[in-house]
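The structure presented is a predicted model; accordingly, all values stated were derived computationally and were not measured. Start at 1 with the first residue, then count along the sequence.
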Amino acid sequence: PTAPQRMEFFARLEERLKARAEVVSVSRATVLPGGGASQRRLQVRGQEQPQGEPARTVLTIDISPRYFETLALGLLRGRDFTALDGGPDSAVAIVNDRFAQVFLKGGDAIGVQLDVTAANAPANTEPRWATVIGVVPTVRQQGPGGVGQESPVVYVPIAVAAPVPSAVLIRHRVDPERAADVVRAEAQATDPNVALYGMRTLERAVREAQWNRHTSAVLADTVTWMSVLLAT
C-alpha cells in the first residue's frame, strides 16, 4: 500500500529473478511497448514557451535500470539508469532519438535539462529539472497508425513515483511457459499475498494493444463492402 513497500517488493523480486539461471535480464516499467504512455507537460531549460500556444506535452514512461537491455535495445549515446538514479541528488532522464529531432532540432540531447510534470498539475508548479544522460532508439509506443507512433518519449526512473501498477519485463533463455513458472515461484517466495496477472510474451502484449485498431479496420471494411453490395 505504500511507496517504500512497493519499491522493496520489486527490488527483492528482481534480485531473486536475476539469480535464476533461466533469466538473462530483468526490468520494470509502467507500460509496455505498444501500450501507450502518460502525457506530461514538458519544459526544456533555455527554451521559452511561445505566448498564446498550449503547453507542450510529451509521452513519458517510468522504467527501472536494464529496461533497454531487457528489450535488446542498445543506447545510441550516454548511459542507462542505475539504482542510484531518481533520488533528490540524481534527477536524470533518458530520451528517444525522436525527442532530439522534435524538441532539439536534431541536436545532442546529452546534458540538456528538462522537466516533465503531470498534465493536471497547477501551471505554477516549480520545475524539477532532470539532466538527460542517454539517448535511445525510437520505439512505437502504440501500434502502426496509432497515437504515439514515432513520438518523442522521455524515460524517467521508476523510483521517483513508485507507481502502483508495474509491468515486470524478463528476457529469458527458456520457453515462455517455463519462464512463467519461474516468475510465479519467485513472486510467491517474495510475498505470497501478491497476485500476478496478465503474464504473456511481449509479442502477444503488442498484438493485444493493437486489437482495437484491427477490429475497427475490419468493421470499417465490412461496412464498406456492405454499402457496395447494397448499392449494386
Side-chain angles (χ1 to χ4, degrees), residues 1-33 35 37-38 40 58-97 99 109-118 127-137 139 141 153-173 179 182-194 196 198-199 202:
T2 69
Q5 287 174 319
R6 289 194 293 275
M7 294 305 294
E8 181 187 1
F9 168 78
F10 282 111
R12 287 167 54 208
L13 176 60
E14 287 185 36
E15 285 305 313
R16 293 187 69 94
L17 288 169
K18 286 176 194 173
R20 295 290 299 250
E22 301 92 335
V23 174
V24 177
S25 180
V26 184
S27 187
R28 192 159 56 100
T30 44
V31 293
L32 299 174
S38 300
R40 296 180 191 170
V58 68
L59 297 180
T60 58
I61 304 172
D62 301 68
I63 64 172
S64 70
R66 303 184 73 181
Y67 174 82
F68 305 105
E69 177 188 339
T70 305
L71 292 179
L73 287 172
L75 271 74
L76 299 175
R77 293 181 293 284
R79 69 169 178 87
D80 194 0
F81 292 141
T82 70
L84 300 177
D85 291 323
D89 299 324
S90 183
V92 292
I94 293 172
V95 301
N96 66 357
D97 195 43
F99 179 96
I110 302 295
V112 170
Q113 291 191 308
L114 53 84
D115 170 69
V116 285
T117 307
R128 183 177 186 264
W129 298 111
T131 303
V132 176
I133 60 170
V135 179
V136 295
V139 175
Q141 272 307 123
V153 176
V154 175
Y155 300 90
V156 295
I158 203 166
V160 175
V164 175
S166 287
V168 177
L169 295 89
I170 299 158
R171 175 170 288 276
H172 50 82
R173 50 174 61 93
V182 169
V183 177
R184 287 191 190 95
E186 296 305 339
Q188 280 284 305
T190 305
D191 188 336
N193 296 312
V194 174
L196 302 180
M199 290 181 54
L202 183 58

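- In this structure, I61 and V153 have side chains that are in contact, with non-hydrogen atoms separated by less than 4.5 Å.
- Here A118 pairs with N120, A121 under the side-chain contact (heavy atoms from CB on, under 4.5 Å) rule; sequence neighbours left out.
- V139 and P33 get closest at one heavy-atom pair: CG1-CB, 4.1 Å.
- Within the structure, the salt bridge (Lys or Arg N to Asp or Glu O under 4.0 Å) test picks out no pair touching residues 153-167 (sequence neighbours left out).
- Atom CG in D80 sits 8.5 Å away from atom OG in S64 (nearest 0.5 Å).
- Side-chain contact check for S38 versus T30: every heavy-atom pair is 4.5 Å or farther apart.
- Of all heavy-atom pairs between A93 and V154, the closest is CB-CG1, 4.0 Å.
- Evaluation of the ring-ring contact (aromatic ring centres under 6.0 Å, His included) rule for F99 yields F103 as partners, not counting sequence neighbours.
- Side chain of R128 to backbone of T117: no donor-acceptor contact under 3.5 angstrom is found.
- In terms of heavy atoms, A37 sits closest to L59 at CB-CB, 3.9 Å.
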Using atom types as modelled, flag every donor-acceptor pair under 3.5 Å from a side chain in residues 10-17 to any protein atom, sequence neighbours excluded.
from	atom 1	to	atom 2	distance (Å)
R12	NH2	T190	O	2.8
R16	NE	E186	OE1	2.6
R16	NH2	E186	OE1	3.2

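- The ring-ring contact (aromatic ring centres under 6.0 Å, His included) test applied to F68 returns Y155, not counting sequence neighbours.
- The stretch residues 59-71 participates, sequence neighbours left out, in these salt bridge (Lys or Arg N to Asp or Glu O under 4.0 Å) pairs: R40-D62, R66-E69.
- Looking at heavy atoms from C-beta onward, T70 lies out of side-chain contact with I170 at the 4.5 angstrom threshold.
- Within the structure, the salt bridge (Lys or Arg N to Asp or Glu O under 4.0 Å) test picks out no pair touching residues 161-171 (sequence neighbours left out).
- Here the shortest heavy-atom pairing between I63 and A29 reads CG2-CB, 4.0 Å.
- With sequence neighbours excluded, the residues forming a side chain to side chain donor-acceptor pair (under 3.5 Å) with S166 are R28, listed by chain and number.
- By the side-chain contact (heavy atoms from CB on, under 4.5 Å) test, A83 is found to be paired with no residue, residues two or more places apart in sequence or in another chain being considered.
- In this structure, the side chain of S27 does not engage the main chain of L169 through any donor-acceptor pair within 3.5 Å.
- For the side-chain contact (heavy atoms from CB on, under 4.5 Å) test, residues two or more places apart in sequence or in another chain that qualify with L196 are V183, R184, A187, M199.
- In this view, Q5 and T2 satisfy the side chain to side chain donor-acceptor pair (under 3.5 Å) rule, not counting sequence neighbours.
- Here the side chains of S90 and L84 are not in contact, with every heavy-atom distance at 4.5 Å or above.
- Between V135 and A109, the shortest heavy-atom distance links the atoms CG2-CB, 3.9 Å.
- Here the CG atom belonging to L75 is positioned 5.5 Å from the CD1 atom belonging to I94, to the nearest 0.5 angstrom.
- V95 is listed as a side-chain neighbour of L114, based on a closest heavy-atom distance under 4.5 Å.
- Residues passing the side-chain contact (heavy atoms from CB on, under 4.5 Å) test with Q188 are P192, sequence neighbours excluded.
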